K.L.:
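Dropping the structure in here first, questions after.
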Amino acid sequence: MNKKNPYLQIDRQMVGDIYTSHESMENLTVLCDDFGSRFAGTPEEYKAATFISETFTRYGLKNVKLEEYPYAGWTRGPATLTITEPIERTLHCISLPYCPANDINAELVSVGHGSPNNYSNLGESAKGKLVMAKSSSPRNLGRWVHRKEKYDRAVLSGAAAFIFVSEHPGVGPETGSLQNDSPAPIPGISVCKEDGDFLTRCIDRYKEVKMRLQTTDINEPRTSWNVVADLPGVELPEEMIILGCHYDGHDIAQGAHDPASGMVSVIEAARVLTNYTADSLKRTIRFIAFGTEEIGLTGAYRYTDAHDDELDNIKFLLNMDAAGGTSRKGIVLHHWDSLQQLFELFQWQIQDDIPIGQKVHSYSDHFPFFLKGVPTSHMGDPTSAPSGRGFGHTAYDTLEKVELDNLRRASSIGARIALRCANHKRFPAERRSLEEVQKIVDTDPGLEGYRISLKLKE
Ligand SMILES: [Zn+2]
């Protein structure tokens, strides 16, 4: 390949603009300090969607709209977790989204990390119990075992309720939904690492520990919105490159890192792409702020349903969920070998630390598109080992932890990748057939949690 950067002039303009502007941090401040968590079903969620659409309009994007959709809503109620025998003690806990209201008296058992092996070792003894799993994954497994997989396995093993224990000290309980867009079959709550360790000691010392769990959450239908905006292409306007991120956070924090750091990076990319490439792009770049990701990727699923007739036209999607955080700004291609060489060329042109790799997971907004065969990717580190969320999904995911420099790197890399995809002559990826998708879904180690969720649905 001819190693020359054909976009050097536009790169300099866009990167220079981003690095001499405070805009992304200002937008982050509005999203976090004015609208808080923007949790699904709150008035602040709608205010955030409106702010994002007004910002896209102000930047000069076209066809800016809110696309409304119904979904299964959930509102947190107080949860109470009490040891009843052989000692009496009440512990701080929080319900996890889609937890049903219930009142359960049962014995406590620990399932360790909640890995497939941990559950098969527990066997029948999970039946009717409060099953407690740590948020960590066993090192030797080589993959991250997501909370939902641990919960699903608890349900499948006949547990009465699920207790999720954070692996990180000093950050309180970690939240995260139990199901996607539907009320959960059994209650699931979360406690901090310190209380989880205490409960483990109780099991060690007393053998039989009985507890009462009361949950009071409300599951009811609600409405949410995706925000969609276009920077139209000139030559092939119907063909599309998508930059996306969700804007809803979890209700216990500002969701500054996850997702807002990624959301404002998408918005910033939209700003500079409009400033320096408007009326000169070959393909359209579409920017999507997805709603209700945290409780089921619902905005993304609804988008792929509503735009089914356009999916052939999506040449590439880059999901920038939480991309303005501390992680490396690589491009993780979701098993698109035909794009590897092209993206390595992009990396060379962009002259930044952008590791390119191939793997996939099912826990963010790219996944509904992936299932429909669309060429998808996310910004992140393809070489990273499975690790926990740290302060992510806790009350401590707050604005002051996000650095302007990371927002600048995420937005400038996102903008330059989108520019190149939009203008590349023959983009070397075509939508996969559903049979090809199924093959990956059936065999990929990163999709084990998704396969378990399908089993539970059956
Ligand atoms: Zn996220």
Side-chain angles (χ1 to χ4, degrees), residues 27-28 31-32 35-40 42 44-45 48-49 52 71 74 96-98 135 144 146-148 171 174-181 224-227 242-267 287-303 317-330 332 334 360-370 376-381 384 386-399 401-402 406-407 410-411 414 446 449-450:
N27 287 334
L28 186 70
L31 284 180
C32 295
F35 308 137
S37 73
R38 312 164 304 280
F39 186 67
T42 61
E44 288 71 24
E45 177 201 22
I52 293 166
Y71 72 98
W74 176 84
L96 297 177
Y98 288 128
S135 69
W144 192 42
H146 192 272
R147 168 195 69 255
K148 278 197 184 95
V171 293
E174 177 181 321
T175 190
S177 76
L178 298 170
Q179 293 289 286
N180 280 357
D181 193 26
S224 186
W225 306 266
N226 291 322
V227 186
I242 294 181
L243 283 191
C245 180
H246 65 103
Y247 64 90
D248 64 306
H250 273 295
D251 62 337
I252 60 170
Q254 290 190 322
H257 163 254
D258 178 12
S261 71
M263 188 66 251
V264 299
S265 299
V266 169
I267 296 172
F287 303 89
I288 308 180
F290 293 105
T292 52
E293 187 267 0
E294 291 292 8
I295 55 171
L297 321 181
T298 312
Y301 274 110
R302 292 294 191 280
Y303 181 91
L317 178 145
L318 174 60
N319 178 11
M320 293 182 64
D321 189 356
T326 51
S327 73
R328 281 173 92 188
K329 315 288 179 248
V332 184
H334 300 151
V360 66
H361 70 78
S362 60
Y363 300 110
S364 189
D365 289 320
H366 55 261
F367 195 62
F369 293 84
F370 171 89
T376 56
S377 68
H378 67 273
M379 187 173 279
D381 184 357
S384 71
S387 69
R389 292 180 188 271
F391 60 76
H393 283 206
T394 79
Y396 300 92
D397 183 358
T398 45
L399 182 69
K401 295 189 184 69
V402 179
N406 280 320
L407 301 180
S411 50
Y450 178 66

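For clarity, every value in this text was computed on a predicted model and none was experimentally measured. First listed ligand is number 1; within each ligand, the first listed atom is number 1. Note that the numbering runs from 1 along the sequence shown for the chain.
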K.L.:
Does any N or O in the side chain of Lys401 come within less than 3.5 Å of the main-chain N or O of Tyr396, such that one atom is a donor and the other an acceptor?
P.N.:
yes
K.L.:
For the residue pair His146 and Trp144, does the interplanar ring angle fall in the parallel (under 30°), tilted (30 to 60°) or perpendicular (over 60°) class?
P.N.:
perpendicular
K.L.:
Take Phe35 and Tyr247 through the ring pair (Phe, Tyr, Trp, His ring centres under 6.0 Å) test and state the conclusion after the steps.
P.N.:
CA-CA 11 Å; Phe35 308 137; Tyr247 64 90; 9.8 Å; no
K.L.:
When you measure from the side chain of Asn27 to the backbone N and O of Val264, does any donor-acceptor pair fall under 3.5 Å?
P.N.:
no
K.L.:
Donor-acceptor pair, Ser261 side chain versus Gly324 backbone, under 3.5 Å?
P.N.:
yes
K.L.:
Sum up the protein N, O or S atoms located under 2.8 Å from the Zn ion (ligand 1).
P.N.:
4
K.L.:
Could you walk me through whether Asp365 and His378 pass the side chain to side chain donor-acceptor pair (under 3.5 Å) test, one step at a time?
P.N.:
CA-CA 9 Å; Asp365 289 320; His378 67 273; over 6 Å; no
